[in-house]
Amino acid sequence: MRIVVLAGGIGGARFLRGLKAAQPEAEITVIGNTGDDIHLFGLKVCPDLDTVMYTLGGGIDEEKGWGRDDESFRVKEELAAYGVGPDWFGLGDRDVATHLVRTQMLGAGFPLSAVTEALCDRWRPGVRLLPMTDDRVETHVAIGEGGERRAIHFQEYWVRMRASVDAHAVVPVGAEQSVPAPGVLEAIAAADVILFPPSNPVVSVGTILAVPGIRDAVAAADAPVIGLSPIVGGAPVRGMADKVLAAVGVEATAAAVARHYGAKGRAAADDGPAGLLDGWLVDEVDAAAVADVEAAGIRCRAVPLMMTDLDATAAMARVALTLAGEVRA
Ligand SMILES: O=c1nc2n(C[C@H](O)[C@H](O)[C@H](O)CO)c3cc(O)ccc3cc-2c(=O)[nH]1
């Protein structure tokens with residue numbers, strides 16, 4: 001079975017571990033968000049690609065969900081001693097090696113997709129990890145401070161400010177000029193199932209869909225498209241998705257996110273972007289939302305959606321694949 005997953009950071013990576021456990025024989029292609037990328041100290045850091053690679057490759061810091069396990073921060077301390085900022089982004093010493101290899105290969109002219117493949121030669125994540133594009137896309141957030149509006153890098157909003165101020169807009173800078181990375185459109189067209197894991201629908205899945213061609217490919221795909229809600233009981237399970245959902249005018253509920261992705265085959269009411277979903281999983285606490293989501297033309301099931309351990313996550317993946325089978329029938 002060929003499964004394509006549009007994945008962002010921690011939630012997406014953890015879901016993939018369960019998917020691999022549920023379907024060990026499946027050929028899984030991950031289209032990874034690169035809008036979180038940041039250039040620091042001359043290095044290109046790809047947080048969402050690295051989170052997937054480390055999580056599936058066994059090198060992740062389990063407690064944080066990002067960066068390397070058994071990490072030290074001597075380089076970070078030395079940079080601070082030089083007064084060289086920013087000091088708010090936790091760059092670990094072992095993680096720096098990944099960025100050195102990546103930056104060196106990019107400097108030698110290799111595209112990000114080739115670099116990612118080379119890094120995965122070491123980590124063996126057990127999935128094909130493709131960046132959404134080889135072009136530079138960096139999400140920025142428009143915030144209003146003291147009356148004037150300014151744009152800051154997503155990582156500064158997320159890590160330094162902990163999303164503590166309202167976001168007025170979320171802009172994947174560079175997305176409009178970007179093209180899908182090699183293999184991305186082909187993987188979508190050839191998929192038997194396409195999954196939207198419980199990643200951030202705005203800055204992760206949304207950013208991937210902002211690369212011209214990807215959204216249309218998903219909308220046109222024969223494969224059933226099944227999503228899992230990252231919002232449970234009106235709040236994000238992790239992270240601060242509610243802050244960026246507000247920026248795009250989407251209520252932080254399981255049903256609102258489903259409607260935001262839209263029902264496949266149904267152009268949105270105001271002939272907006274093509275609808276994508278055939279099915280949507282909500283947590284049992286949101287069972288009341290099932291009728292609402294089904295009324296929007298999206299098949300819906302209420303099941304446990306907390307990724308408390310590998311078995312729970314594998315069970316979620318199994319239900320998503322079962323729903324895909326039902327939708328296809
Ligand atoms: O909350 C944080 N997230 C950190 N993250 C996570 C990062 O902000 C992710 O983009 C978000 O978690 C969203 O996926 C890192 C990810 C990396 O790959 C490398 C370094 C960091 C450093 C931090 C950090 O200091 N604090």
Side-chain angles (χ1 to χ4, degrees), residues 5-17 30-57 59-77 79-80 85-103 112 115-116 119-120 123 125 129 131-132 136-141 152-164 167 170 172-173 196-208 230 236-245 247 307:
V5 185
L6 275 60
I10 298 159
R14 287 197 172 143
F15 174 75
L16 283 162
R17 244 189 330 213
V30 178
I31 299 173
N33 170 41
T34 59
D36 283 11
D37 291 3
I38 184 168
H39 285 74
L40 287 176
F41 315 112
L43 300 177
K44 182 178 172 85
V45 180
C46 299
D48 280 3
L49 296 181
D50 292 348
T51 292
V52 170
M53 187 172 72
Y54 291 157
T55 299
L56 300 185
I60 196 77
D61 176 312
E62 282 293 348
E63 184 265 328
K64 292 201 291 265
W66 50 264
R68 288 282 283 106
D69 60 346
D70 192 20
E71 185 58 285
S72 56
F73 294 88
R74 308 295 298 272
V75 170
K76 183 173 186 297
E77 289 154 13
L79 287 163
D87 62 357
W88 42 263
F89 195 76
L91 218 44
D93 299 326
R94 304 179 92 186
D95 197 30
V96 163
T98 299
H99 313 317
L100 285 169
V101 172
R102 176 184 294 118
T103 307
L112 182 60
V115 174
T116 305
L119 294 172
C120 287
W123 289 104
L129 177 56
M132 65 189 198
R136 182 169 176 173
V137 176
E138 294 192 9
T139 299
H140 282 64
V141 178
I152 58 173
H153 191 285
F154 166 74
Q155 293 298 345
E156 182 174 1
Y157 179 70
W158 202 253
V159 176
R160 186 176 69 78
M161 304 185 80
R162 309 302 313 159
S164 58
V170 176
V173 174
F196 290 4
S199 289
N200 189 307
V202 179
V203 294
S204 291
V205 180
T207 304
I208 297 167
V237 174
R238 182 191 173 93
M240 300 151 268
D242 48 331
K243 301 294 281 200
V244 289
L245 280 166
M307 298 189 282

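Just so we're clear, the structure is a prediction, and the values are computed from it rather than from any experiment. Keep in mind that the numbers below use all heavy atoms, side chains included, and drop hydrogens, waters and symmetry copies. Read the numbers this way: they start at 1 and go in the same order the structure lists the ligands and their atoms.
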Minimum heavy-atom distance [X]-[Y], with the two atoms named:
{"X": "A7", "Y": "V30", "result": "CB-CG1, 3.7 Å"}
{"X": "E71", "Y": "D93", "result": "OE1-N, 3.0 Å"}
{"X": "F73", "Y": "K64", "result": "CZ-NZ, 4.1 Å"}
{"X": "P197", "Y": "L6", "result": "CD-O, 2.8 Å"}

Side chain, backbone, both or neither: [X] near ligand 1, heavy atoms under 4.0 Å:
{"X": "N200", "answer": "neither"}
{"X": "D95", "answer": "side chain"}
{"X": "Q155", "answer": "side chain"}

(request) Counting heavy atoms only, name the option from F73, W66, F154, Y157 that's nearest to atom 5 (N) of ligand 1. (result) W66
(message) Heavy atoms only: which of G35, G9, P47 lies closest to atom 16 (C) of ligand 1?
(response) P47
(request) Please confirm whether R162 comes under 4.0 Å of ligand 1, counting heavy atoms of the residue only. (result) yes
(request) Check ligand 1 against W158 and write out every atom of the ligand that is under 4.0 Å from a heavy-atom position of the residue. (result) 8 (O), 11 (C), 12 (O), 13 (C)
(message) Keeping N33 on the side-chain end and T207 on the backbone end, is there a donor-acceptor pair under 3.5 Å?
(response) no
(message) For D87, is there any backbone N or O sitting under 3.5 Å from a side-chain donor or acceptor partner on K76?
(response) yes
(message) Quick test: of every protein heavy atom, which one is nearest to atom 14 (O) of ligand 1, and how far off is it to 0.1 Å?
(response) D48 OD1, 2.9 Å
(request) Could you check atom 13 (C) of ligand 1 against the protein and tell me its nearest heavy-atom contact, residue, atom and distance included? (result) D36 OD2, 3.3 Å
(message) Using a 3.5 Å cut-off on N or O atoms only, is G90 in polar contact with ligand 1?
(response) yes
(request) Could you tell me whether some N/O pair between D50 and ligand 1 is separated by less than 3.5 angstrom? (result) no
(request) State plainly whether the residues K44 and D37 are in salt-bridge range, i.e. N to O under 4.0 Å. (result) yes
(request) Identify whether the distance between the nearest side-chain nitrogen and carboxylate oxygen of R94 and D69 falls below 4.0 Å. (result) yes
